[in-house]
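In what follows, a structure is listed as structure tokens, so that the remarks can point back to it.
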There are 2 protein chains.
Amino acid sequence: MKNIPKISEAEWEVMKVLWAKGPCSARDIILALTQGDPDWHPKTVKTFLGRLVAKKAIAFEREGRAYLYHPLANRAECVSKASENFLKRVFDGALRPMLAHFVENRKLSASEIRELRRLLEQKGEP
Amino acid sequence: MKNIPKISEAEWEVMKVLWAKGPCSARDIILALTQGDPDWHPKTVKTFLGRLVAKKAIAFEREGRAYLYHPLANRAECVSKASENFLKRVFDGALRPMLAHFVENRKLSASEIRELRRLLEQKGEP
DNA sequence: ATAAATCGCTTACAAATGTAATCAAAAAGG
DNA sequence: CCTTTTTGATTACATTTGTAAGCGATTTAT
């Protein structure tokens, strides 16, 4: 059985950087994050890195004085876990109402609708 | 601007009961919850009721000695908020990958697929 | 009427989370 | 070489969350 760590909201941002960019130094991660949102404080990011290591969501190897961090947790699995969790909490685990909600609420472009329909067709007639 | 309260995971369960059943006494809520999961402790539920009142997610009126609680927060709005939040955190706000994930990962029954397709068609040709 | 159950109110307390600051060692710049 | 910067480690601290227990008033059952 896989041990999918529980990743908090803010920690997700850090994980996303690592999943996207692969092995990174703390500095790289901080750069990537402040890029998107200047409010990220370097010290805060360091704290999260430490916590993620403790949770075994990531690991590092020394590279000179600094560390090179890399994900341990698998992105797809974390996504699945978070998704199931959300689905359960908000929609009692029922997929259809959830999809309906998104399709209704967020305006989908015609192309998005086409693409989704293609997806459904693939699933529909295997 | 609406003030949509921040509802925690466990508090969601309480809210769902209130949204589903309308005005309820604490006792009713506790019953409903323990029905689904015997692990709910009455005192714990009371705590959440108090916190939800403090957050103005619910309110109550006296009914004899007990209280009759009812939702203040609108379900649809809370659902939207939680959904946007989840979408942003896990899928960077991109709807298509999210929908794809669910359609791919969770097996949809043929009827669910048909229904979803209908939904998309309604959206597709207004 | 007296004891038991129930109510809401108040208080408790650890873990998780967000948000950093301090500190010591090491590296880099001048 | 000495100063500034950088880095990881350690420590701090308020807030939120999960999970209740205690207390005093009030019903309710006996």
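Numbered from 1 within each chain, the chains take letters A, B, ... in sequence-line order.
Sorted by first and then second residue, the ring-ring contact (aromatic ring centres under 6.0 Å, His included) pairs with a member in residues 14-39 of chain B read B:W12-B:W19; sequence neighbours excluded. Note on residues 94-116 of chain B: pairs passing ring-ring contact (aromatic ring centres under 6.0 Å, His included), not counting sequence neighbours, are B:F91-B:H101. Each ring-ring contact (aromatic ring centres under 6.0 Å, His included) pair with one or both residues in residues 34-61 of chain B, not counting sequence neighbours, appears once here: B:F60-B:Y67, B:F60-B:Y69.
The interatomic distance linking B:I58 (CD1) with C:dG8 (P) rounds to 11 Å, in whole Å. Taking atom CG on B:L52 and atom P on D:dT19, their separation rounds to 15 Å, with Å as the unit.
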Side-chain donor-acceptor contacts of residues 30-38 of chain A below 3.5 Å, not counting sequence neighbours, with atom names and distances?
{"unit_1": "A:T34", "atom_1": "OG1", "unit_2": "A:I30", "atom_2": "O", "d": "2.8"}
{"unit_1": "A:T34", "atom_1": "OG1", "unit_2": "A:L31", "atom_2": "O", "d": "3.1"}
{"unit_1": "A:D37", "atom_1": "OD1", "unit_2": "A:D39", "atom_2": "N", "d": "2.8"}

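Residues forming a side-chain contact (heavy atoms from CB on, under 4.5 Å) with B:D92 (at least two apart in sequence, or on another chain): A:K16. With sequence neighbours excluded, no residue forms a side-chain hydrogen bond (donor to acceptor under 3.5 Å, both in side chains) with B:N85. In terms of the side-chain hydrogen bond (donor to acceptor under 3.5 Å, both in side chains) criterion, A:N74 has no residue partners (sequence neighbours excluded).
Near-neighbour residues of DNA chain C inside residues 4-11 of chain A, defined by a heavy atom below 4.0 Å, number-ordered: A:K6, A:S8, A:E9, A:A10. Interface residues of residues 77-85 of chain B facing DNA chain D, ordered by number: none; criterion, heavy-atom separation under 4.0 Å. Taken residue by residue, residues 15-33 of chain B places no heavy atom nearer than 4.0 Å to DNA chain D.
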B/S/- contact track for nucleotides 24-30 of chain C, protein heavy atom under 4.0 Å: -BBS---
Between N or O atoms, less than 3.5 Å apart, protein on one side and nucleotides 9-15 of chain C on the other: list the pairs.
{"unit_1": "C:dC9", "atom_1": "OP1", "unit_2": "B:Y67", "atom_2": "OH", "d": "2.8"}

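Here the side chain of A:K55 pairs a donor or acceptor atom with the backbone of A:K6 at under 3.5 angstrom.
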